[in-house]
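See structure below.
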Amino acid sequence: MIPSTAVEVEEDKDLPELPNLDKWPKVTMRLAPFPSGPLHIGNARMVILNDYYVKRYNGELILVFDDTIGSTEKVIEQDAYDLIPEGLEYLGVKYHRTVYKSDRINLFYKYAVDLIKRGDAYVCDCDATVWRNEHKVKRIPCACRVLDAQENLARWEKMLNGAYAEKEAAVRLKTGMTDPDPAMRDHVILRISESEHPRVGTKYRVWPLLEYSWGIDDHELGVSHIIRGKDLVKEGKIEQHIWSLYNWAHPELMYYGRLKFEDAKLSKSKSRREVQDGTYTGWDDPRTWSLQSLDRRGIDAEAVRKVMLDLGLSIVDITISMKSVYSENRKLRDAETPRAFFVQDPVWITAENLDKELIEAHVPVHPDFPERGLRRIPLHAIDGKSTFGIQQSDLNRFKLGTIFRLKDMANFALKKKNPPVAHYHSLDVERVREVNGPIIHWIPREGSIPVEMTLVDGATVMGLAEPGLEKMKAGSFLQFERVGFVRIYQMGDPIQVSFAHK
RNA sequence: GCCCCGAUGGUGUAGUCCGGCCCAGCAUCUAGGGUUUUCGACCCUAUGACCCGGGUUCGAAUCCCGGUCGGGGCACCA
């Protein structure tokens with residue numbers, strides 16, 4: 001299964017083996033996103049780690065939309081059901097089947113009834129606050145805990161048929177009232193919610209909590225290994241309690257710490273607001289840090305993958321920099337990336353006394369690979385006179401008399417600053433080196449192509465790129481010399497590019 | 001208050017289980033140099049770490065004890 005991945009796994013063999021492999025017929029893992037929005041760079045760790053191990057052991061990966069009803073703070077969003085697979089595709093993650101928690105509610109009911117019959121769970125109608133303060137903290141069981149199965153089943157029916165309103169009753173698992181860990185005392189596993197679900201509407205009014213639904217499903221789906229964030233360790237303990245009650249094999253639990261980026265603020269709810277009110281251009285806006293946005297910027301999924309796998313499985317919270325992703329991306333893409341000139345808000349400089357022979361500049365497509373040919377940029381000189389756009393900051397640091405080179409074209413001496421005028425000086429690059437003159441990028445006034453560049457902070461800047469750019473295709477990754485790497489995401493006038501990194 | 005977890009250079013990680021091959025490796029960042037008609041790539045160099053205190057041992061980043069600091073949990077969220 002997925003034979004094409006064998007090579008790719010080879011290079012990352014430094015991650016540890018999964019534990020207890022002999023205990024399981026095969027490695028089965030799952031991706032369990034809550035569908036509230038697209039996956040972003042912060043979610044990539046969970047996805048890549050699971051995918052990595054499944055590929056390494058030729059196992060099975062299940063995409064499980066963890067779409068139980070959520071809460072007022074955590075809301076399911078319909079579009080996430082499509083945005084998540086889209087992100088997975090970008091990352092090159094291959095999953096073998098897709099499961100929706102919201103399709104499995106009856107299964108959770110079945111086990112709930114069973115747990116109640118067995119006396120391992122009960123329906124509690126205590127007020128949540130009262131229960132916490134008077135029972136959990138004081139380790140005193142509430143009156144509901146000792147009710148017999150008969151009564152509990154009657155109460156369960158009342159939960160299902162609406163005799164209880166929201167918050168009036170919930171099912172608690174008897175994890176133990178005397179557990180030293182307060183988090184473990186008779187935790188709620190099912191509760192009432194009358195919110196409308198995007199997939200199943202109002203078909204159900206009793207919904208399982210994450211730890212319960214997984215306690216059942218990790219077994220039902222045959223999951224062998226679970227890798228997830230350490231914010232879920234308590235949930236893992238509750239799952240283990242359930243597995244023990246039924247004498248099921250315990251899947252291997254592994255946790256990693258929280259991942260933060262020093263140069264990226266990740267907030268799905270803020271992103272959703274900004275996307276909805278149009279402040280962001282869409283879910284691929286760079287400020288969302290979604291996988292879609294990385295794709296739009298031309299970040300190779302392999303770069304993301306490499307960085308995430310380098311982090312390993314440490315359980316400590318870490319803060320890393322996007323710079324490591326950019327560094328990997330450059331390594332991956334630099335050699336294959338064509339060069340181009342782009343000048344943001346060009347300032348026009350008149351070049352005089354041009355050599356009559358000089359009608360076209362010849363610039364290598366890639367400096368390290370001359371065999372890839374030349375970009376030919378017409379200069380449009382009339383009577384030895386032409387006009388070029390250069391970067392304002394370059395002009396600013398020039399003094400009168402400064403000898404500079406328009407890269408891959410000719411050397412000039414600055415004659416006037418306002419308006420800028422330069423005189424042709426020489427052709428050979430050595431002449432500018434002799435005087436340590438700057439070599440700068442430029443574009444001709446005639447024939448240059450308007451480009452709108454979206455920066456990482458969402459701002460857009462206008463500029464001109466060299467003639468010829470209009471022949472590129474959407475999706476191309478380029479390096480604007482001395483500016484940085486960009487990806488064309490839409491051809492047009494202007495051409496739309498997204499800045500990737502320096 | 002109670003429970004759990006962790007601690008290696010600026011950042012991240014390897015080594016810790018089974019003490020010596022670690023005066024601690026790798027990546028990234030930063031600084032400098034080389035090369036290059038880019039502020040990219042490539043090459044070289046530099047700075048820089050085992051949380052603290054005891055103990056065991058010929059020998060401890062690794063084992064033991066005690067601190068300190070940091071993170072997470074104690075939701076009818078995921």
Side-chain angles (χ1 to χ4, degrees), chain A residues 14 32-36 66-76 101 124 126-129 131-132 136-137 139 159 164 166-172 179-185 187-193 206-211 213-214 228-237 255 257-259 262 306-307 309-321 323-328 330-331 333-335 337 339-341 361 363-364 366-369 391 393-394 405-411 428-430 432-433 437-441 479-485 501-502:
Chain A
D14 41 351
F34 180 71
S36 60
D66 206 356
D67 60 344
T68 51
I69 196 68
S71 64
T72 46
E73 304 89 56
K74 289 209 164 91
V75 181
I76 300 169
K101 272 283 173 65
C124 177
C126 299
D127 175 81
T129 311
W131 195 87
R132 193 178 317 126
K136 170 150 77 176
V137 173
R139 306 188 184 196
M159 284 180 73
Y164 283 125
E166 279 190 28
K167 311 250 177 203
E168 283 185 359
V171 180
R172 290 184 187 276
D179 195 296
D181 181 356
M184 290 303 293
R185 291 176 203 149
H187 207 269
V188 168
I189 56 172
L190 295 119
R191 90 297 189 176
I192 300 166
S193 170
V206 175
W207 289 88
L209 269 71
L210 173 149
E211 46 273 59
S213 68
W214 278 116
R228 61 184 175 196
K230 72 168 178 187
D231 48 318
L232 262 19
V233 297
K234 176 205 73 184
E235 285 67 18
K237 284 169 80 175
Y255 301 97
R258 192 175 152 195
L259 172 63
E262 61 188 20
K306 173 81 164 58
V307 168
L309 291 178
D310 279 350
L311 301 180
L313 275 153
S314 70
I315 198 168
V316 281
D317 292 350
I318 54 176
T319 305
I320 66 166
S321 168
K323 283 178 181 169
S324 27
V325 175
Y326 301 154
S327 168
E328 292 301 333
R330 273 193 296 261
K331 269 182 210 161
R333 304 251 238 215
D334 182 74
T337 301
R339 270 51 178 170
F341 287 146
V363 191
H366 189 117
D368 302 338
F369 303 94
Q391 204 169 271
S393 59
D394 281 330
R405 181 174 181 79
L406 297 185
K407 188 168 179 289
D408 296 298
M409 197 239 286
N411 309 322
D428 191 348
V429 65
E430 291 307 322
V432 77
R433 281 189 176 144
I439 297 170
I440 63 168
H441 59 123
Q479 189 207 38
F480 285 158
E481 299 196 45
R482 302 212 309 146
V483 175
F485 292 86
H501 49 77
K502 267 286 197 192

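Throughout, a chain's letter reflects where its sequence line sits, starting with A, and its residues are numbered from 1.
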5' priority, RNA chain B, between K323(A) and S314(A) [closest heavy atom]: S314(A)
Of L313(A) and V429(A), whose closest RNA chain B nucleotide lies nearer the 5' terminus? L313(A)
When you compare [N] with [M], how far apart are their [atom1] atoms, in angstrom units rounded to a whole number?
| N | M | atom1 | answer |
| --- | --- | --- | --- |
| A14(B) | U8(B) | P | 11 Å |
| G32(B) | U16(B) | C1' | 36 Å |
| C22(B) | U45(B) | C1' | 23 Å |
| C17(B) | A61(B) | C1' | 14 Å |
| C76(B) | C29(B) | P | 46 Å |
| U62(B) | C50(B) | C1' | 10 Å |
| A60(B) | C23(B) | C1' | 14 Å |
| C51(B) | G6(B) | P | 14 Å |

When both hydrogen-bonding distances must be under 3.5 Å and the geometry is Watson-Crick or G-U wobble, what is [N] paired with, if anything?
| N | result |
| --- | --- |
| C18(B) | none |
| C76(B) | none |
| U30(B) | A46(B) |

W214(A) ring centre to K101(A) NZ or CZ under 6.0 Å, with the angle to the axis within 45°? yes
If you draw the axis of the six-membered ring of W131(A), does the NZ or CZ of R185(A) fall within 45° of it and under 6.0 Å from the ring centre? no
Straight-line distance of R482(A) CZ to I440(A) CD1, nearest 0.5 Å: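 So the CZ of R482(A) and the CD1 of I440(A) are separated by 6.5 Å.
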Its contact letters, B for base, S for sugar-phosphate only and - for none at protein heavy atoms under 4.0 Å, make nucleotides 38-50 of chain B read BBBSS--------
Can you name the closest pair of heavy atoms from [X] and [Y] and give their distance?
| X | Y | answer |
| --- | --- | --- |
| A32(A) | D66(A) | O-CB, 4.0 Å |
| D181(A) | D179(A) | N-OD1, 2.8 Å |
| S321(A) | E262(A) | CB-OE2, 3.1 Å |

Pick base, sugar-phosphate or nothing for [X], based on heavy-atom distances below 4.0 Å to the nucleic acid.
| X | value |
| --- | --- |
| D317(A) | sugar-phosphate |
| T319(A) | sugar-phosphate |
| V316(A) | sugar-phosphate |

Give a yes or no answer on whether the side chain of H501(A) reaches the backbone of G484(A) with a donor-acceptor pair at less than 3.5 Å. no
Below 3.5 Å is the cut-off: list the nitrogen or oxygen pairs between protein and nucleotides 75-78 of chain B, distance only.
{"residue": "A75(B)", "atom": "OP2", "partner": "R132(A)", "partner atom": "NE", "Å": "3.3"}
{"residue": "A75(B)", "atom": "OP2", "partner": "K136(A)", "partner atom": "NZ", "Å": "2.7"}
{"residue": "A75(B)", "atom": "O5'", "partner": "K136(A)", "partner atom": "NZ", "Å": "3.1"}
{"residue": "C76(B)", "atom": "N3", "partner": "K167(A)", "partner atom": "O", "Å": "3.1"}
{"residue": "C76(B)", "atom": "N4", "partner": "C126(A)", "partner atom": "O", "Å": "3.0"}
{"residue": "C76(B)", "atom": "N4", "partner": "K167(A)", "partner atom": "O", "Å": "2.9"}
{"residue": "C77(B)", "atom": "OP2", "partner": "R191(A)", "partner atom": "NE", "Å": "2.7"}
{"residue": "C77(B)", "atom": "OP2", "partner": "R191(A)", "partner atom": "NH2", "Å": "3.3"}
{"residue": "C77(B)", "atom": "O2'", "partner": "S71(A)", "partner atom": "OG", "Å": "3.4"}
{"residue": "C77(B)", "atom": "O2", "partner": "K74(A)", "partner atom": "NZ", "Å": "2.1"}
{"residue": "A78(B)", "atom": "OP1", "partner": "T68(A)", "partner atom": "OG1", "Å": "2.8"}
{"residue": "A78(B)", "atom": "OP2", "partner": "L210(A)", "partner atom": "N", "Å": "3.3"}
{"residue": "A78(B)", "atom": "O3'", "partner": "D66(A)", "partner atom": "O", "Å": "3.3"}
{"residue": "A78(B)", "atom": "O3'", "partner": "D66(A)", "partner atom": "OD2", "Å": "3.2"}
{"residue": "A78(B)", "atom": "N6", "partner": "E235(A)", "partner atom": "OE2", "Å": "2.3"}

In E430(A), R433(A), R405(A), the residue satisfying side-chain contact (heavy atoms from CB on, under 4.5 Å) with N411(A) is R405(A)
Presence of salt bridge, K230(A) and D317(A), under 4.0 angstrom: yes
Take the protein atom CD1 of I318(A) and the nucleotide atom C1' of U28(B), then report the distance between them rounded to whole Å.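 Checked: the CD1 to C1' distance equals 13 Å.
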State which residues pass ring-ring contact (aromatic ring centres under 6.0 Å, His included) with F34(A); sequence neighbours excluded, sorted by chain then number.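 ring-ring contact (aromatic ring centres under 6.0 Å, His included) check on F34(A) returns nothing, list empty.
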